[in-house]
Each structure stands twice: as structure tokens, then as C-alpha cells.
Amino acid sequence: MKLYNSASHTREDFVPHTPGKVSMYTCGPTVYHFAHIGNLRSYLMEDVLEKFLRYDGYDVTRVMNITDVGHLSSDADTGEDKMLKGAQREHKTVMEIAQFYTDAFFADCKKLNIKYPDVVQPATGMIDSYIKVITKLMETGYAYFAGGNVYFDTSKLDHYYVFNDHDEEDLAVGVREGVEADENKRNKTDFVLWFTKSKFEDQALKWDSPWGVGYPGWHIECSCISMKYLGEYLDIHCGGVDNAFPHHTNEIAQSEAYLGHPWCKYWVHIAHLDTAGGKMSKSKGEFTTVSTLEEKGYDPLVYRLFCLQSHYRKALVFTYENLDNAKAAYEKLVGRVAALKTEGTADEAAMEKYDAAFREALGNDLNTSLGVTRLYDVLKAKDLSDADKLALVGKFDQVLGLDLLKKAEAKRAEQAKATTTASAGGYTVTGEGDAEIDALVLRRGEAKKAKNFAEADAIRDELKAKGIEVTDVPGGAVWKRI
Ligand code: AMP
Ligand code: ZN
């Protein structure tokens, strides 16, 4: 597979450290509020990547953290802890908030067919690891203690801007949202590994450490959780593009300073979901969730198809008009799959050809929209039997995750249920599930039996006007919409 690596700024051949195995780390949600569909775009596209790697034969281990402490309202160590803010907003404890929004997050993921990671680790469960890593960074001179906090000294690195597409505006991140720059930092880009001098007295979660009672910085969480479960050599690290700086940049700084060797091979960043007003963001307060979509009558998988139709490295603008197009496309897809019969013999060579085209699309830096086109190609194919088409739809859907076979089955059941039978006096009417029409057709039958042909013809005309065609059969009639 070819994968764009943000660290090298090129599309590279994907070669994991251990042949056949892939270690994959994803920055999990900060659980102080519901995830919005922008956050979920990131998780959804990462899910497709994971599933494609599995499809391609790799044994993937995926780890995700849950940020339940340490993520301050500015990404650059200033402002309040987002979790504390969430708890205050809802008059609950931080742990109650964390549990509630973690559960809500995974419920949303389930609705979008995003697989539950192999390991999910809340940040609050790893304090000893943070202390161990920070202690070594202090001993080796990469970290310093100032003003009550422990900082990472970025001037000790030869190369800090790994994703070097950042400018002065990014550096101003520390003074965003009207919060003051931290005077204790030796360098503007230094970042906190451990807070002991909380800027707010009521910080809820604190732990003892060699530097005093306090709590970890946000970046150290991901480094330690990744290293604990995936070892010293990570294959893929993912996240939304806003995480590239400072979060991922700082993860690399501290992990490589700690390990003494390169850490993660491939960095995959998902572009944002934007609204007409700019990036969709939790801190803006107003955002669209999976529940919002459901309340408006959308199947969450319509949103999945909407995301699949564009490339993960391109910003995607969300509008309901665009979503409606995806909805129409999804319904059509399900309808076409539902219309396939389970008949036909397997033409292995033809199936192989279509599967190869699908793999090529996804293997080219996860070209999901081309992958969806490859699915349409299968449905249109002249050289595949219906049974072969169904088999391929099922295979591709292991990656696309659109539940096409399940939805098609439900649609078929719905159509079957819609055919009802009504009978009276030995006269049977079979139709498409409408009691009113059944009654009319029955009355017509009775009129005919009574040789009241004028009434029978009048009812036939009435039915015709309603778009119903009646066919007489032995012992009754069958009607259908035309
Ligand atoms: P957070 O819960 O804020 O820590 O964010 C969870 C994930 O969503 C991170 O990987 C972010 O980079 C990502 N993210 C945040 N906003 C958006 C957006 N508008 N579009 C896509 N991904 C986003
Ligand atoms: Zn992270």
C-alpha cells in the first residue's frame, strides 16, 4: 500500500517494522462533551485505514487513549482543564463526565460502524508510566523544573518541527483565547510534562509525584500509552490534522528523547470537516452530532458514505444538501444490492479482477471515493453473476463498512412484508400491502360475481386512476402499482 506520511511529506510504500504486523495508535477523544461529526470523520477514516490493512492481510493492533485529564483549553498548556470545565458545566464530577462521554463516544462509533479498538486506555490509568518517562527526561537533561511545573526543553532537539509546515501563527497558540503566555518556559515551544502548580485551585484530579502533587500534560499521555501497548517502534500514528502541532510534534520530541531512537514511522493526518463558518469544533459550543443527524431522519451510515466519497486529506464541507446527495446514493446502493438474486456460478477470475481494482484504489493512499466507484463497477458488471456480485459487495464492505448486505436483506424483508393477501367468499386478492386497495379489488370481484359489470368496470377505472393495475387470476386477482 502507498500511504502519505506527514513526517516525510510524501506518499511512501507502506512497510511496517515487523512483516505482516501493524501497530497503530489513534489519539482518542477528550471526553468533556459529545464528539461532533468532525471528530468522527477522523475516527471513521482511521477505521477505513485499519480495515483496509486487515483486508490486505496485516495483523493490526489498534490502541486508543481516552483523554480524561490534562487537555487544557488551549493546546499549549494554558487555560483550564477541559474536563474540569465540562464537569462544572454539568454539575458532575470529572469521572462522571468522563464515563458518560466515553460511553456516548463509543455508542456513536458503533452507529457509524467504527470498530472498537483493540486497546482503549484512559489517561488517568497510566500515572506511573508518565512519572517514569518524565523522571528519565529530567535525568538526561531534556526536561527542567520551573515555577512548579516540569517542562520539556525543545532547544535540546536538533529538529523540532517534524511536520515543518507551521508558522508563527501556530506558535501563537499559547496566547490564543486570551490566556497569558507561560513565563516559566525557557523557549516559546517548550511544553508541560507535569503540572504541579495548578493555575486553578479546584483542579479535580491530582496525583503525587517526585515534583509534588499534580497531573500530567496532555502530550505525555499519548506517548506513554502508545509505548506501553505497542512498544518502542510504532508503525502508524493517526489523528486529525489539528493534532499535528503542537500535540504530535511534542509526542515525537519526548518519545524520541526518551527512547534515543526514531519512534513512529508513518503519521497519518485526517483533514477537517468544515461548516460554512469554518472548522467544526467542540469549544465553539454548537456542533452537529450523530444524534442530530438521527433526529433529522438520517441513517448514520449515510454520513459514513458521505465521508467515503471524498479523500481523507482534503477538507470536507458539511451541508445538509451534500448529505442529502449521499442519502440518495446510499438508498440507491441498498436498492441495487437488494435486487440481486443469489443465483449464478462463481467466476473466480472475473471476481479477482474486480477485487484487484478495489485493492488498488484503497491501496493508493486510501482513495475511498474510487473504492466506492469500484463497488458500482461490480453492480454494473456484465461478466459477473448476481451471486458473484453479492460476494464482492460483502467483501468490499468489510472495508467500506456500509452494512450493504444487512440493509439489503432488511429491504427485501420489507418488500416481502408489503405483499398481503385478502380474501372473501373464495375470492383471493394479492397486492403490495395496502388494505384500502385490497378492499376495492375485493368489491370489484364481488361485483363481477354478481354480474354487475358496470360497477366492476367503474372500480377498475378508479383503481387505474390510483395507478393500480389489476390482473384476474383463477380464484381471485393480483394488483400492483404501475
Ligand atoms: P478532541 O476530542 O478534541 O481531542 O478531538 C478528537 C479528534 O478529532 C482529534 O483527532 C482531532 O484532531 C479531531 N478533530 C477535531 N476537530 C475536527 C474536525 N472539524 N474535523 C475532523 N477532525 C477533527
Ligand atoms: Zn494524542
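If you read the sequence from its start, that first residue is 1, and numbering goes on from there. Start at 1 and go down the list; that is how both ligands and their atoms are numbered.
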* To do: Using only heavy-atom distances, determine whether the side chains of T189 and N187 contain a donor-acceptor pair under 3.5 Å.
  => no
* Asked: So, are K407 and D299 salt-bridged, with charged N and O less than 4.0 Å apart?
  -> yes
* With a distance cut-off below 6.0 Å to the six-membered ring centre and an angular limit of 45° from the axis, does K2 pair with F14 as a cation-pi contact? -> no
* Asked: Is it the case that R186 places NZ or CZ above or below the six-membered ring of Y151, under 6.0 angstrom from the centre and within 45 degrees of the axis?
  -> no
* Residues D103 and Q99: side-chain donor-acceptor under 3.5 angstrom -> yes
* **Salt bridge present between R62 and E46 (N-O < 4.0 angstrom)** => yes
* Asked: Purely on distance, is any nitrogen or oxygen of G38 under 3.5 Å from one on ligand 1?
  -> yes
* To do: To the nearest 10 degrees, could you say what angle the Zn ion (ligand 2) makes with SG of C27 and NE2 of H247?
  => 110°
* Nearest to atom 22 (N) of ligand 1 by heavy atom, G28, G240, S42: which? -> S42
* Is W218 close to ligand 1, meaning an N/O of one under 3.5 Å from an N/O of the other? -> no
* Does the side chain of Y144 pick up a donor-acceptor pair with the side chain of D190 at under 3.5 Å? -> yes
* Check whether any N or O atom of R41, backbone or side chain, sits under 3.5 Å from an N or O atom of ligand 1, and answer yes or no. => no
* Asked: Does any N or O atom in C27 lie less than 3.5 angstrom from one in ligand 1, N or O only?
  -> no
* Can the positive tip of K156 be found less than 6.0 Å from the middle of the six-membered ring of Y142, inside 45° of the ring normal? -> no
* Contact (N/O only, under 3.5 Å) between M280 and ligand 1 -> yes
* Say whether N243, considering both its backbone and side-chain N or O atoms, lies within less than 3.5 Å of an N or O atom on ligand 1. => yes
* Under 2.8 Å from the Zn ion (ligand 2), is there an N/O/S atom belonging to H219? -> no
* Identify which of Y312, Y43, F287 has a heavy atom lying nearest to atom 7 (C) of ligand 1. => Y43
* Asked: Would you say C222 reaches the Zn ion (ligand 2) with an N/O/S atom under 2.8 Å?
  -> yes
* Asked: Between the candidates N39, I270, T26, which shows the shortest non-hydrogen contact distance to atom 14 (N) of ligand 1?
  -> N39
